[in-house]
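What follows is a short report on a single structure.
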Amino acid sequence: MKKDNRYIQIPANILLGIAIVFFLIGMFGKATDAEANVGSFDTVKYNEDWTLIRDDSNEQITLPMVISSPKGEVVRIKNELPDDLKGGMRMFLRSSMQDTRVYVDGTLRECYEAEAFDYVGAYIPSAYIMVDLTEKDAGKTVEIQLTTRKQGRLNEISLGYGNNAWYSVLNRNIPVTVATIVAIIVGVLASVTYFFMRKTIKNSKAILYLGQAMVIIGLWILSESEIRQLIFKRPSYSAFFAYMLIELIAGFIAMYFDEIQKHKYTKVYTIVEILVFGQASINLVLRFAGVAEFHTTLIYSHVWMALGIAVAIATVIIDLKSGRIKEYSISAWGMLLFLVFCIFEIFSFYFWNFYIVGAYMCAGLIVLLIVTIVQILTDEIEKIKGNVEMEMFQQELERKVEEQTIELRLQQEKAKNLFIQTITALSEAVDAKDRYTSGHSKRVAQYARLIAAKMGKSKEEQEMIYRAGLLHDVGKIRVPADIINKPGKLTDEEYNIIKIHPITGYRILEGITDDNFIAIAAKYHHERYDGKGYPNGLIGDRIPEVARILGVADAYDAMASNRSYRNALPQNIVREEIKKCKGTQFDPAIADIMLRMIDEDKDYSMKQTDSMQRKILTVDDEPMNNKIIAHIMRDEPMYEIITATGGREALDILENQTFDLILLDVKMPDMDGLETLKLIREKYRTPVVLMTSDKTLDISTGFSELGCDDYITKPFLPLLIKEVIHMMTERTEMTMDV
């Protein structure tokens, strides 16, 4: 049983809340005099009472400000240093890409100008300048000379002790700097993650491109930030780095957008990437060839960046209208917000005089990072849900497939059983025409299957050969029964009729299966190895193998079966005949297999074992009816007719003899047929056919319930009585076989 710990969680959460309150008071609460003194980082603003000197004109100004100044003009501003100046104090000012000289009482104290740096060029990066002051400088004149490179920007100036002036700079740059460092770290982690999880995470390339863009933007912001002097030992060279990075940002963002939008707009984005990276390459060549500096060619990179922004916005709008944006709806909002922040960044660069470089870009990057993470998590959750649903669907599909497979197998099994039953019934129908070779087709099929097994045939091949054996004589179904059952020698005309049965069998069987295996077996089973067979006189291996197998099996059963004029031949005579006909009538290899089978059959079990004789008991109080039945069956010597004139006599006869069929009259004086039938059924399973001359006797719908197998009416039709006797005795044989 799961224990309920809510009574512990509640006080624990309360204590955690109290701890958070203490944290907030400590962070933002009002300081008191009793707290330990951490000292002051304050600086004094030194922005008032400055005199702007230009072409012999003087103007009182307050810093900061922007003046209209042509490139190369030297602008001077003067002021008096405070009287309370102390030792260790410094003046702190920022040069905005300007050559800067600071004079105190006419003496040069600090110099920051392009000529002092190797390979930097005219556009030196903006930087903070620190001017050391002493008590002796109090009240003296300070003059700052600025050589304009881009615009006349006069930044604010402050006075403080040591490096305290840096505190305010660091303070306002902390958010951007921290965010930038986090962006770089996350970008590196994202890039590394791609290489380890690119095969499992969806949109992994997007993660890579975003990671690269984050690193590039982060490094660009650091290289352009107000505190770059604290990061780079050669901040003048950080300008090269910054210019190159700003030119690459648009290209990597384009690759990211293309990946998020699943490459639908690859051609357009590829053009943007070529323009961006191409312009960056051109700018690099122009700079080091001395043709143009990065600062002057930067505007072209900004143009392509603006083009990329326009393309990205346009594609998002197109997807929004088409509804395709659903595929990346979360990322789409992040993309748009990021683009808006990029626009603000560009506008700030060109139109705002004082702003923190990269602040908008950094904010946009944070937004893009958050929505990308949310999009990835959402996609992964959907992927997991999809996988679960797919797995469930797969399991359900497998279950249905298994059920359908089982059903199909059952149907196939039913079809197979039906096919087997059909061909078995067909073969028995053929055998029924020959009263002296009962079960011939079945025995031939069994011998043929044994031969196939000895030849190394597969189970499937053995089964096919067995079925072919069952139907090899199906063509005899069109041969008249009197020819088949003729006890004497056949005339030439009769023999020619018999010789047609392979062709007839082929015509009957050629449409029974997808292939003609069984039909071919029936057609050629009377071909001889020496070419003297029929119907086509094929020689040797040109006779289909199945037909050669059946030829041996058929000939063997003909010798090992009973005939009207003889019983089955002795085994040694059968063996000698097979050996003698090897190579002439039979395929030698198959004949050798048959000879080995004969040698292994020590008890001579491979022969017709059932008796040809069938005993029929006719029970009728009218002796003439018994004589009529005997007369009808006179030409079928295999049937022996025994007669009885009453039910009691019939029961006495059954005590001493076994019969294959009983023909029982319904109305008899001493004991009627129905009562006799009841007593017969108490002891015997012999088939019983009722005979009646009463056409009104209603037994047609329920004769099986009475215990009989069929009924006939008098007077008898000869063909009908024959057919009933044949059918019932053959059914008895089938039951005994089963």
Contacts of [X] that satisfy salt bridge (charged side-chain N to carboxylate O under 4.0 Å, His left out) - sequence neighbours left out:
X      : answer
Glu73  : Arg54
Glu273 : none
Lys385 : Glu382
Asp49  : none

| request: Provide the closest heavy-atom pair for Ser158 versus Ala165 in the form atom of the first, atom of the second, distance. | output: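 Heavy atoms of Ser158 and Ala165 come nearest at OG-CB, 4.1 Å.
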
| CD-CZ distance between Glu226 and Arg172, expressed to the nearest 0.5 angstrom |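 Answer rounded to 0.5 Å: 4.0 Å.
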
| Between atom CG of Leu154 and atom CD1 of Ile144, what is the distance when rounded to the nearest 0.5 Å? |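 Between atom CG of Leu154 and atom CD1 of Ile144 there are 9.0 Å.
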
| task | Determine yes or no for a side-chain-to-main-chain donor-acceptor pair under 3.5 angstrom, with Ser126 supplying the side chain and Met97 the backbone. | result |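 Yes; at least one donor-acceptor contact below 3.5 Å.
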
| task | Give a yes or no on whether the backbone of Ala127 and the side-chain of Arg228 come within a donor-acceptor separation of less than 3.5 Å. | result |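 No: the side chain of Arg228 does not pair with the backbone of Ala127.
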
| query | Taking only residues two or more places apart in sequence or in another chain, which ones pass ring-ring contact (aromatic ring centres under 6.0 Å, His included) with Tyr46? | reply |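 Only Trp50 meet the ring-ring contact (aromatic ring centres under 6.0 Å, His included) criterion with Tyr46.
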
| Thr100 and Glu113 side chains, donor-acceptor separation under 3.5 Å |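 Their side chains do not contain a donor-acceptor pair, so the 3.5 Å distance test is not met.
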
| field | SB check Lys400 Glu403 (cutoff 4.0 Å) | value |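 Looking at Glu403 together with Lys400, the answer is no, because their closest N to O distance does not fall below 4.0 Å.
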
| ring-ring contact (aromatic ring centres under 6.0 Å, His included) pairs, two or more places apart, involving residues 251-280 |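 Those involving residues 251-280 are Phe252-Phe277.
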
